[in-house]
Amino acid sequence: MPYHDETRRIHALARDPATRWKWTGHAEARMRERDISRLDVRTVLQRGAVVRVEQPRFEVTWNVRGRDGDGRPLEIVVVARDDALFVTVITAWEA
Amino acid sequence: MSDPCPICGGATRAEVLPEYADDLLGLPVVLRGAVVRETCTVCGETVTEIPDLDGLTAALAVTRALYPLQLTGAELRFLRKATGMNARDFADAIDLDTASLSRWENDKQTLGGYAEKVIRVFVCEVLHDQAPAIPYTAGMIPRLKLRPHGSMPPFRPVMDRVRFRLEREDTARLRWEAEPVAA
């Protein structure tokens, strides 16, 4: 697994009840279009693997690939801020 | 203080929304006085924060399980996902075959009253510890009189954040509570 530390970090964040979940308007619009729920995203972030790390704009983003509770493959792009323990979901699409 | 915009790093302006109708949890729900909306003053991107997502999911699932209107397939799918289980694990946990669960979740077959009550009890037993502000005891669901669609208002919960202290805790914490609905 190329991003082992990042994957462990995202699993810990997604499973921590204290994590603050933030959703961009863009992510929510894509989720509505593709019938992806917040619980689907949560499942992918709890069990998926980080497959890409990049800094396209202001923040470093992690692409997390996995399956939701229906077995549907999804890829979620998130910003994980260690200090504040929250995940910002940027977008989501079917892999 | 609000966090910088995750897209451009600009400053954001935060407000607590008096009411927020959410349609992305799997069940429609209105959240009062808890959701924070941040708007970037530079790029205009909005970011929505829903506090205590796990607690909200559990509270919503337990509230639905206790509402006597028969479950739709989409509601059953939400209850299953709220437990964090995939279809196979959920079906195994209650000695059900996965094909039956799939037919119910896709509205190809109607749940029977007995099966529906077993599922409701299971969901509440898994989740009620995470939703302590929702009153629940094990005897509530067996005594529930399930009602067909059209015989009572659809499930449209309104959820508030309330200070609630468990006996084992020293201080009260904010939890999700459902506004009482006349059944």
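Chain naming here is simple, since letters A, B, ... match the order of the sequence lines and numbering starts at 1 in each. Only this structure's heavy atoms are used, side chains among them; waters, hydrogens and symmetry mates stay out.
Chain A forms the most heavy-atom pairs under 4.5 Å with one residue out of B:D52, B:D22, B:L24, B:N86, and that residue is B:L24. Here B:T48 is the residue among B:D54, B:T48, B:D89 with the most heavy-atom pairs under 4.5 Å with chain A. Of the listed residues (B:A82, B:A87, B:S102, B:G10), the greatest number of heavy-atom pairs within a distance under 4.5 Å of chain A belongs to B:A82. Chain A forms the most heavy-atom pairs under 4.5 Å with one residue out of B:M85, B:Q130, B:K81, and that residue is B:K81.
In this structure, chain A has no heavy atom under 4.5 Å from any part of B:R37. For chain B, no part of A:R67 is nearby; none of its heavy atoms comes within less than 4.5 Å. Contact of B:D23 with chain A is made through the side chain alone, with heavy-atom distances under 4.5 Å. For A:D35, no part lies under 4.5 angstrom from a heavy atom of chain B. In this structure, chain A has a heavy atom under 4.5 Å from the side chain of B:R80, while its backbone stays farther away. Proximity to chain A (any heavy atom under 4.5 Å) is restricted, for B:T57, to the side chain, taken from C-beta onward.
Placement of A:I10 and A:V53 within a single hydrophobic cluster is found when ILVMFWY residues are connected by side-chain heavy-atom separations under 4.5 Å, directly or transitively. The cluster map of Ile, Leu, Val, Met, Phe, Trp and Tyr, joined by side-chain heavy atoms under 4.5 Å apart, puts B:M140 and B:L127 in the same cluster. Using a 4.5 Å cut-off between side-chain heavy atoms of Ile, Leu, Val, Met, Phe, Trp and Tyr, with links allowed through other members, B:M159 and B:L17 fall into the same hydrophobic cluster. Put simply, A:Y3 and A:W62 are part of the same group of oily side chains (I, L, V, M, F, W, Y) that touch within less than 4.5 Å, one to the next. Linking ILVMFWY residues whenever their side-chain heavy atoms come closer than 4.5 Å, directly or via other members, places B:L101 and B:I94 in the same cluster.
Counting only heavy atoms from C-beta outward, the side chains of A:E28 and B:T46 never approach each other to under 4.5 Å.
Of the possible donor and acceptor atoms, none in the side chain of A:R38 sits under 3.5 Å from a partner among the backbone N and O of B:L53.
A distance of 7.5 Å separates NZ in A:K22 from OG in B:S2, rounded to the nearest 0.5 Å. Separating the CH2 atom in A:W21 from the CD1 atom in B:I50 is a distance of 11.0 Å, to the nearest 0.5 Å.
Atom CZ of A:R32 has more than 12 neighbouring heavy atoms from other residues, nucleotides or ligands inside a 6.0 Å radius.
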* Asked: Would A:R20 and B:D3 satisfy side-chain contact (heavy atoms from CB on, under 4.5 Å), going step by step from the backbone distance to the final call?
  -> CA-CA 12 Å; A:R20 299 160 61 205; B:D3 293 301; 3.2 Å; yes

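When all heavy atoms of B:G26 and A:S37 are compared, the pair lying nearest together is N-CB, 4.4 Å.
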